[in-house]
Chemist: 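Here it is, the structure in full.
Atom set for the values below is all heavy atoms of this structure, side chains included, hydrogens, waters and symmetry mates excluded. So you know, we letter chains A, B, ... as the sequences are listed, proteins then strands, and number each from 1. These numbers were taken from a predicted model, which means no experiment stands behind them.
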2 protein chains.
Amino acid sequence: MLSHAEENYLKAMFHLTTMAESSNETGTNALASYLDVTPATVNDMLKKLKEKDLVSYEKYRKITLTQKGKDYAVDIVRRHRLWETFLYEKLDFSWDEVHEVAEQLEHIKSKKLIEQLEKFLDYPVTDPHGDPIPNAKGKIKYQKRKTLAEIPIGSICKLVAVKDTSASFLQYAMKIGLGLSSTIEILNRHEFDGSIEIKVNKSRSTVSLKFAENLFVV
Amino acid sequence: MLSHAEENYLKAMFHLTTMAESSNETGTNALASYLDVTPATVNDMLKKLKEKDLVSYEKYRKITLTQKGKDYAVDIVRRHRLWETFLYEKLDFSWDEVHEVAEQLEHIKSKKLIEQLEKFLDYPVTDPHGDPIPNAKGKIKYQKRKTLAEIPIGSICKLVAVKDTSASFLQYAMKIGLGLSSTIEILNRHEFDGSIEIKVNKSRSTVSLKFAENLFVV
DNA sequence: TAATAAAGTTAGGTAAGCCAAACAAATATT
DNA sequence: AATATTTGTTTGGCTTACCTAACTTTATTA
Ligand SMILES: [Mn+2]
Ligand SMILES: [Mn+2]
Ligand SMILES: [Mn+2]
Ligand SMILES: [Mn+2]
């Protein structure tokens, strides 16, 4: 049974490796800045996690999760996303409010709790941000997703997920009328800075390239 | 914002004073044995809680909660009982399983969470053990309750709450057919050891005085 | 009241999780 | 290849929440 802190490190590693597909390995500094602690602190913790066979790590080398570490991390992600779904579906939390509370709830230790919660929510497949919820066996159904930035002019697409889940990003998205399943029409694209004119619910907005890259659509 | 540990001390004090009506004050040893830590540890914590104006305490003297401490404790009890109700009502937890998980859930920090949870549960007034749930303002509706041990032979009464909420006690209660709202008929009482013959759901059992003292009935 | 028992306190110590500052290794740049 | 920069590590120190063992005060009982 791991501590809150240990679980947070595993989840952070999972996000920086397996999930942010890129490279599968990460480093002390990256983890430190992701978790908002110092590299020294990360270093201490890595020794403990290595001892428990959750990460593989040699001094001055890159860090990866072991299979055991990966399995554990997926379970934390599962708990997090189920709680987000509960807050959103049952307790009227908004898109941008769920994350903070789920960060706490994900650490509650009870197998039965999570299984019953999943059942109560009727086995949801995605969380309020459109991210897939791993099943009890740790299986994650990834769907290939394009960002809004890749869609050609004139197309109509549907928002299925968001990359950034910070409150400020989500609040901005809500402000221009965007929610999960919103229909988006691409009206025009300014080559100059990559900004895009879109239509959502009959209202037009111009959004930056950076913003568009954080919206996943089909 | 208090730590898990600090919250646990406040709740323990509340149980040992205000709730277990008796004396309104308690001591280092009583707290230590209730929380399963050493008196030395309690002593350390008491100094911290005094600093924060949550308990009033002078060296070698008895300990009481301040009004501030009492208010905080009631809020923890409220959270605990709302979560127990949620687990029991919505997630199919049994009588004896709710407490352990609620011990963890009660520490989640989010005002909105508790208010929405209460709303979602439709403002319940008692938890699965029959104990009153404080409202958002900290008001607790106590009902005067007798124990089964005080009921005369021949009477019929209804179980409204249990004093002991340990899994072993609750499992035994379930085994002889008892649940909240069960109807109990007192058939006979053995003066010798105080044990009582009762009928629940048409089946007879003989229970000890100690057991009877842990059942509240009307 | 004096001795004994019980209750409470203090001193010194541990592990977890964090930090800053000094240092070492690896990588990038010239 | 030499140097500079980035990345990672070590050391010593801090706080919280625990502990044991020795001690002091208060309460009980002879
Ligand atoms: Mn989240
Ligand atoms: Mn999410
Ligand atoms: Mn309980
Ligand atoms: Mn209860």
Chemist: From C-beta outward on B:Tyr60, which listed nucleotide comes closest to its side chain: D:dC18, C:dT9, C:dC19?
Modeler: C:dT9
Chemist: Among the candidates C:dC18, D:dC18, C:dA7, find the nucleotide nearest to the side-chain atoms of A:Asp44.
Modeler: C:dC18
Chemist: May I ask you to verify if any side-chain N or O of A:Arg61 is less than 4.0 angstrom from the OP1 or OP2 atom of C:dA26?
Modeler: yes
Chemist: Taking B:Lys119 first and then B:Glu115, would you say they form a salt bridge - that is, a charged N and a carboxylate O separated by under 4.0 Å?
Modeler: no
Chemist: Closer than 4.0 Å, any side-chain N/O of B:Tyr9 to the OP1 or OP2 of D:dC18?
Modeler: yes
Chemist: Between atom CG in B:Leu31 and atom P in C:dT9, what is the gap in whole Å?
Modeler: 11 Å
Chemist: Would you say A:Thr28 places a side-chain N or O within less than 4.0 Å of OP1 or OP2 belonging to D:dT7?
Modeler: no
Chemist: Round to a whole Å and report the spacing from CG of A:Leu2 to C1' of C:dA15.
Modeler: 16 Å
Chemist: Kindly say whether the aromatic ring centers of B:Tyr9 and B:Tyr34 come within a distance under 6.0 Å.
Modeler: no
Chemist: Looking at A:Lys59, does any N or O in its side chain come under 4.0 Å of the phosphate oxygens OP1/OP2 on C:dA24?
Modeler: no
Chemist: Can you tell me if the side-chain N/O atoms of B:Lys47 get under 4.0 Å from OP1 or OP2 in C:dT9?
Modeler: no
Chemist: In whole angstrom, what separates B:Glu6's CD from D:dT16's C1'?
Modeler: 9 Å
Chemist: Is it possible for you to check whether B:Lys163 lies under 6.0 Å from the centre of the six-membered ring of B:Phe169, through NZ or CZ, and within 45° of that ring's axis?
Modeler: no
Chemist: Ion pair present between B:Glu106 and B:Lys11, side-chain N to carboxylate O less than 4.0 angstrom?
Modeler: yes
Chemist: Just to confirm, is there a sub-4.0 Å distance from OP1 or OP2 of D:dT9 to any side-chain nitrogen or oxygen of A:Asn43?
Modeler: yes
Chemist: What nucleic acid atoms does A:Ala40 come within less than 4.0 Å of, heavy atoms only: base, sugar-phosphate, or nothing?
Modeler: base
Chemist: Could you tell me whether B:Glu7 and B:Arg79 have a side-chain N and a carboxylate O separated by less than 4.0 Å?
Modeler: yes
Chemist: Ignoring backbone atoms, establish whether B:Ser3 has a side-chain N or O less than 4.0 Å from OP1 or OP2 of D:dT16.
Modeler: no
Chemist: Ignoring backbone atoms, establish whether A:Lys62 has a side-chain N or O less than 4.0 Å from OP1 or OP2 of D:dT7.
Modeler: no
